[in-house]
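Chain letters run A, B, ... following the sequence lines, proteins first and then strands; every chain starts at 1.
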Amino acid sequence: MTREFSKAYDPNKVESRWYETWQKNKIYKVSEKSDKKPYSILMPPPNITGILHFGHILNNTIQDLYIRWKRMTGFNVCWFPGIDHAGIATQTRIEQELKKENLTRYDIGREQFMERVWQWKELYGGIILKQMRLLGVSCDWDRTLFTMDETACNAVREVFIRLFDEGLIYKGKRIINWSPLSQTALSDEEVEFREVKEHLYTLKYYFENGTDYLKVATVRPETIFGDVAVAVNPNDERFKKLIGQKVIVPLADKIIPVIADDYADPTFGTGCVKITPAHDPNDFEVGKRHNLEMPNSMNPDATLNELSGEFNGLDRFKARKMILQKLEENELIEKIDDYTHNVGFSQRGGEPVEPYLSDQWFVDMKPLAEEALKVVLEEKIKFYPNHWVKTYQHWMTNIRDWCISRQLWWGHRIPVYYSPDGQFTAADSEDSARKKLNLPEGTPLKQDEDVVDTWFSSWLWPLTTMHWLGDGKSETNPVLEKFLPTDLMVTAPDIIFFWVARMIMATTKFKGQIPFKDVYFTSLIRDGSGRKLSKSLGNSPDPIEIINKYGSDAVRFTTIYLSPLGQDVKMDVDVKAQDIPSMEIGRNFANKIWNAGRFLLMNKDNIFHDDTTESNFKQTLTQSELSFTDKWILSKYNTTIRNIGNSLDNYKVNDYSKILFDFIWRDFCDWYVEVMKVQINNSANIEYKKKLISFAIDLYDKILILQHPIMPFITEEIWHLLDEDRTESQSISLLNYPVSDENIINITIEENFALLQSIVEEIRALRAGVNIPPKIAVEIIISCKDSITVEFIKSQTEMIQTLGKCSLKECDINLSKPNNSLSSIYRENEIFMILDSSIDLDKERLRLNKEIERLERNIGGSEKKISNPGFVAKAGDDIVNYEKEKLQSMKESLLKVKSNLESLVK
RNA sequence: GGGCACUUAGCUCAGUUGGUAGAGCGUUGCGUUUACAUCGCAAAUGUCGGGGGUUCGAAUCCCUCAGUGCCCACCA
């Protein structure tokens, strides 16, 4: 062999070479000018601080699979890649670096800080996109968008202004989720609730004049310095007469009223609740209703402030301890109970979120949600799996305003300008702000210091990737016209609200179009004990290591193979060894595919060398030269193509992988190749052999195309090896995906081949049952149920003999069982295996007895069914007839097995 | 508290419109036949979570109970 075709497949020698070649030849370059039907996908942009994890692998493999498949089925595909600036994560990263130099961002100032971030972005920000290349993703990298690119910035600004002008963005003083660690507001979606075991402290709030006190329960005694009232339920008889009286806040010497509000639940705690409007959303509402003051007793870093007297400057949790101590000393604690409740934690920082009263910007979501819900309920956008629609609907109908301002520097700065006298407006420049506010030229304006939530740029992703500017002047362009709406969005379900829902809102609102037609919610990858793979849990091996170990194709295949639509995937992770052993599925499969190709080429070479005519291999078998098995594999091949199409159309990607796995391994390798060997060995006709091998290579070529979307590298490599004329600039990924030819699918042939397979398997089972070594060719006699079967089996004598390692002595109808023989029945055909006398027959008797038991059991069930008048009357004719035939067949088999057993007893 | 999903062989999961169950891994036995030991051949293992209902017939449809996972809300 002249080619490099090692015994075992080595992905490391293949994968990176091909990726470079594809890039060099720009084969995935996209033009919006193509006449082909468009097909597009938006790549969910990974964070610039991120590194590749298994979520990305699954997600991008699915996308690449569809991109490659659609590209090969005649579409002009465009996969828009990109990367997200990830406000909080990135800023935190840079601040950590500054900390090493004993600096804070305030020391170097906003401008310099931004420079640092951009420098960092240039150095490390693209790592994850480079890692994704290892996966073989076939996107057009020239179209990569960064959410802080100028066009994206413009769009964010314009959208902000537009919503502001429509009154859909407003500024408000509200209780928001405050992250003390990042010192910024968060949206509701960025808060995770976890169950925490704490204590419920019942404190004594003494009446202003008197020795009696009110019992007030709280889990957060550190917030007492923000108390402005104690609320009781107006219908609570116990406290009715106390309403309007004054009590003293413990340790604070502050006098507050007892008020009546429905919020107080008489059945909970003591029935009295302290009202701290600046530190609890419910208390805030009570405060508003009663027009109460809203003193803030905390600093942005969650230390107590000067309101808290001697506790000023203490961290909230330390303060709690100290305050409790002091309360204890002053006998102000009535009792302490264990208490388990849910506490909100910052999703990114991991620390408990502080409900915090502050001025923030909000988007009024209700007007946007209406249309966004409609397009999903009307199935203009379809969710796969469909059950996510309910989740989506629930969120959309109970939607709350989105807090979009972040007290960060890294991000899109809020385009709002303030005049010295407190007027403000949103505008794209100071000048236009002055105009909007009717201020004289030269009036100094101050821009808002805050930036918007990262997701405020992400929600425009369908538009910004396609160069939409949002300024009303360029509402469309050739890219938008071609590729919007996109066809598929592939994403994890955990960002359905963060991202999917908001993209739908933004695109319907600003463009009047849906952003995508189908949404595929991927599985979540979990470890053996069901935990989500994550860096913080330390249960996620580095995907790069796994790819290096098993190959990208193997990782792609295994991941898809194990990921059913709509269900999470458990993988046997071995973090210590940086290993995921189940990746062997894909690696072994790749090796199998490799070796099948190797087999074909070895044969091609052998036959070529034997050939004196030197004619080429372009000639293949004619229709009349096709053998039964050739026709069978063609039928199976076309069935496979049809099934693949159905699976992919319905987003059953793991079905797709299984269909190909079974077809290539079970049908093509286990059976067709084995039969092919017989066909080659049994023919002396070199022309026939050449045609046969050409036929097989031709078929294998197409099988590789079928497999290409899920295993791009190995299929490209073998496809090139199979034909030396193929040049480097040619690619299997640009070929047409085979189309199923229904006329070639032949059920009769598939059934007959199944009979052949079963007969061979019966023979193998018989000899395995008595441990006959494979070198001994046993003698077989087959007694068939009819002459058609006799004819068929005789035509397959060579196959049966070779595959069953036997010699077929006789085949006819109604042959009787020879002495010293084993027997087996398959669909009323009896197979006898002649033994050389001395073999112990006990095992065989046991086996036959078991078979009799099984048959009798099934016959019993079947008879019961048929004798049931309801069954015969109500079941369909075909089912009743089928049942009758089955019963008849089983009965005949039973007779035969019984008589075979008797012959052994003799 | 509300919602969604899941419960099938030791493990991970298939099971299309209801007709008494399949695959891969693992286990056991045999095997080195010139594609492949990252392989081949064969074998064993299941009252399809419990109970009830609809039906001639339920892993499949309905109800209920139990368990697991996730999402939403979040009473001090």
Side-chain angles (χ1 to χ4, degrees), chain A residues 5 7-9 188 193 200-201 216-220 223 231 263-265 267-276 280-283 339 341-344 385 387-391 393-395 398 493-494 496-497 524 526 528 530 532 550 554 561-562 564 566-572 581-582 584-603 606 646 652 654-655 658 661-662 666 669-670 673-674 677 760-761 764-769 771-775 802-803 805 857-858 861-862 864-866 868-876 879-880 882-883:
Chain A
F5 228 128
K7 202 167 160 184
Y9 174 60
D188 295 337
F193 283 90
L200 187 62
Y201 305 96
V216 178
T218 180
V219 284
R220 302 202 58 198
T223 63
Y263 166 64
D265 178 356
T267 62
F268 187 89
T270 61
C272 305
V273 54
K274 73 191 195 70
I275 301 300
T276 321
D280 183 284
N282 293 303
D283 293 8
Y339 186 61
H341 68 147
N342 286 328
V343 174
H387 64 77
W388 287 106
V389 170
K390 283 202 170 176
T391 308
Q393 184 175 12
H394 183 258
W395 192 73
N398 296 288
D494 54 356
I496 182 170
F497 308 134
L524 237 45
R526 301 179 178 281
K532 189 175 163 179
Y550 294 96
Y561 186 81
L562 295 176
Q567 250 176 264
D568 290 349
V569 185
K570 277 192 190 174
M571 281 192 185
D572 46 345
S582 39
E584 284 179 9
I585 298 170
R587 185 200 53 181
N588 294 355
F589 187 34
N591 193 57
K592 192 73 182 177
I593 291 172
W594 178 256
N595 271 289
R598 184 163 174 257
F599 167 83
L600 294 174
L601 273 195
M602 281 170 86
N603 275 279
N606 288 342
N646 290 338
K652 302 200 166 178
N654 70 322
D655 278 3
K658 284 188 170 79
F661 187 88
D662 288 343
R666 305 273 85 101
C669 294
D670 286 353
V673 165
E674 292 308 316
K677 289 176 186 171
V760 170
E761 280 162 0
R764 286 170 180 167
L766 280 177
R767 64 182 304 146
N771 285 342
I772 298 171
K775 277 169 195 156
T802 313
L803 301 175
K805 302 219 168 52
R857 202 170 49 237
N858 288 348
S862 187
K864 205 174 140 194
K865 208 179 219 179
I866 287 173
N868 182 340
F871 174 71
V872 182
K874 294 189 180 174
I879 288 164
V880 176
Y882 171 77
E883 196 61 37

Subject >> Main-chain N/O of A:Lys864 paired to A:Asn868 side chain as donor or acceptor, under 3.5 Å >> reply: no
Find every protein N or O atom lying less than 3.5 Å from an N or O atom of nucleotides 30-37 of chain B, and list the pairs.
unit_1 : atom_1 : unit_2   : atom_2 : d
B:A35  : OP1    : A:Lys677 : NZ     : 3.2
B:A35  : O3'    : A:Arg598 : NH1    : 3.2
B:A35  : O2'    : A:Asn595 : OD1    : 2.4
B:A35  : O2'    : A:Arg598 : NH1    : 2.7
B:A35  : N7     : A:Lys677 : NZ     : 3.3
B:A35  : N6     : A:Cys669 : O      : 3.2
B:A35  : N6     : A:Glu674 : OE2    : 3.2
B:A35  : N3     : A:Asn595 : O      : 3.1
B:A35  : N3     : A:Ala596 : N      : 3.4
B:C36  : O4'    : A:Asn595 : OD1    : 2.9
B:C36  : O4'    : A:Asn595 : ND2    : 3.3
B:C36  : O2'    : A:Asn591 : ND2    : 3.0
B:C36  : O2     : A:Lys592 : NZ     : 2.9
B:C36  : N3     : A:Lys592 : NZ     : 2.8

Could you run down the sub-3.5 Å N/O contacts of the protein with nucleotides 8-17 of chain B?
unit_1 : atom_1 : unit_2   : atom_2 : d
B:A14  : OP1    : A:Gln567 : OE1    : 3.0

Subject >> Nearest-angstrom distance, C1' atom, B:A23 to B:U64 >> reply: 33 Å
**OP:** Can you tell me, in whole Å, how much space there is between the C1' of B:C41 and that of B:C36?
**Re:** 15 Å
Subject >> P-based separation of B:U55 from B:U16 [nearest Å] >> reply: 23 Å
What pairs of nitrogen or oxygen atoms, one from the protein and one from nucleotides 72-76 of chain B, lie under 3.5 Å apart?
unit_1 : atom_1 : unit_2   : atom_2 : d
B:C74  : OP1    : A:Arg400 : NH1    : 2.5
B:C74  : OP1    : A:Arg400 : NH2    : 3.2
B:C74  : N3     : A:Asn342 : ND2    : 2.8
B:C75  : O5'    : A:Asn282 : ND2    : 3.2
B:A76  : OP2    : A:Tyr339 : OH     : 2.6
B:A76  : O2'    : A:Ala217 : O      : 2.9
B:A76  : N6     : A:Asp265 : O      : 2.7
B:A76  : N6     : A:Phe268 : O      : 2.4
B:A76  : N1     : A:Asp265 : N      : 3.1

**OP:** Using the C1' atom as the reference point in each nucleotide, state the distance between B:C63 and B:U54 in Å, no decimals.
**Re:** 10 Å
Subject >> Nearest-0.5 Å distance, CD1 of residue A:Ile275 to CG of residue A:Asp280 >> reply: 8.0 Å
Original post:
Any side-chain heavy atom of A:Phe5 sitting closer than 4.5 Å to one from A:Met602?
Top reply: no
**OP:** Determine the minimum heavy-atom distance between A:Val216 and A:Thr270, stating which atoms define it.
**Re:** CA-OG1, 3.9 Å
Subject >> Gap between atom CZ of A:Phe661 and atom CG of A:Asn654 - 0.5 Å precision >> reply: 13.0 Å
Subject >> Phosphate OP1/OP2 of B:C4: any A:Lys390 side-chain N/O under 4.0 Å >> reply: yes
**OP:** Provide the distance between the two P atoms, one in B:A59 and one in B:G52, to the nearest whole Å.
**Re:** 14 Å
Original post:
A:Trp594 pairs by ring pair (Phe, Tyr, Trp, His ring centres under 6.0 Å) with which of A:Phe599, A:Phe589, A:Tyr9?
Top reply: A:Tyr9
Could you list, one pair per line, each protein nitrogen or oxygen that sits under 3.5 Å from a nitrogen or oxygen of nucleotides 21-28 of chain B, together with the distance?
unit_1 : atom_1 : unit_2   : atom_2 : d
B:G24  : OP1    : A:Arg666 : NH1    : 3.2

Subject >> Any A:Arg598 side-chain heavy atom under 4.5 Å of A:Lys7 side chain >> reply: yes
Subject >> Nucleotide B:C39, atom P - distance to CH2 of A:Trp594 in whole Å >> reply: 17 Å
Original post:
So do the side chains of A:Lys805 and A:Ile772 get within less than 4.5 Å of each other, counting heavy atoms only?
Top reply: no
**OP:** Please assess A:Arg764 against A:Glu761 for the test salt bridge (charged side-chain N to carboxylate O under 4.0 Å, His left out), listing each intermediate value before the final yes or no.
**Re:** CA-CA 5 Å; A:Arg764 286 170 180 167; A:Glu761 280 162 0; 5.2 Å; no
**OP:** Sugar-phosphate means primed atoms, P, OP1 and OP2; the rest is base. With that split, encode nucleotides 42-47 of chain B 5' to 3' as B, S or - using protein heavy atoms under 4.0 Å.
**Re:** S-----
**OP:** Report yes if the side chains of A:Lys677 and A:Val673 come closer than 4.5 Å at any heavy-atom pair, otherwise no.
**Re:** yes
Subject >> A:Phe193 CZ to A:His341 NE2 distance, which is reported to the nearest 0.5 Å >> reply: 10.5 Å
**OP:** Could you work out the separation of B:C61 and B:G18 based on their P atoms and round it to a whole Å?
**Re:** 8 Å
Original post:
Given the C1' atoms of B:U8 and B:A14, what is the spacing between them in whole Å?
Top reply: 10 Å
Original post:
Atom CZ in A:Arg220, atom OG1 in A:Thr276: separation rounded to 0.5 Å?
Top reply: 9.0 Å
Subject >> Watson-Crick or G-U pairs under 3.5 Å in RNA chain B, rendered as dot-bracket with [ ] for crossing pairs and | for another strand >> reply: (((((((..((((.....[..)))).(((((.......))))).....(((((..]....))))))))))))....
**OP:** Rounded to the nearest angstrom, tell me the gap between atom CZ in A:Phe871 and atom P in B:A58.
**Re:** 12 Å
Subject >> Which atom of A:Val273 lies closest to which atom of A:Ala264, heavy atoms considered >> reply: CG1-CB, 3.9 Å
Subject >> Nearest atoms (heavy-atom pairs only) where A:Leu562 meets A:Ser582 >> reply: CD1-OG, 4.0 Å
Subject >> Whole angstrom value for the distance that separates C1' of B:U20 from CD1 of A:Ile866 >> reply: 15 Å
**OP:** Could you tell me whether A:Lys658 atom NZ has more than 12 heavy atoms of other residues or ligands within 6.0 Å of it?
**Re:** yes
Original post:
What is the distance from atom CG of A:Asn606 to atom CG of A:Leu601, rounded to the nearest 0.5 Å?
Top reply: 10.5 Å
Original post:
Taking the same atom, C1', in B:C25 and in B:A9, what whole-Å distance lies between them?
Top reply: 12 Å
Original post:
Which heavy atom of A:Asp670 sits nearest a heavy atom of A:Lys592, and at what distance?
Top reply: OD1-NZ, 4.5 Å
**OP:** Mind telling me whether A:Phe497 and A:Trp395 have parallel, tilted or perpendicular rings, with 30° and 60° as the class edges?
**Re:** parallel
Original post:
What is the minimum heavy-atom distance between A:Gly586 and A:Ala554, and which atoms define it?
Top reply: C-CB, 3.5 Å
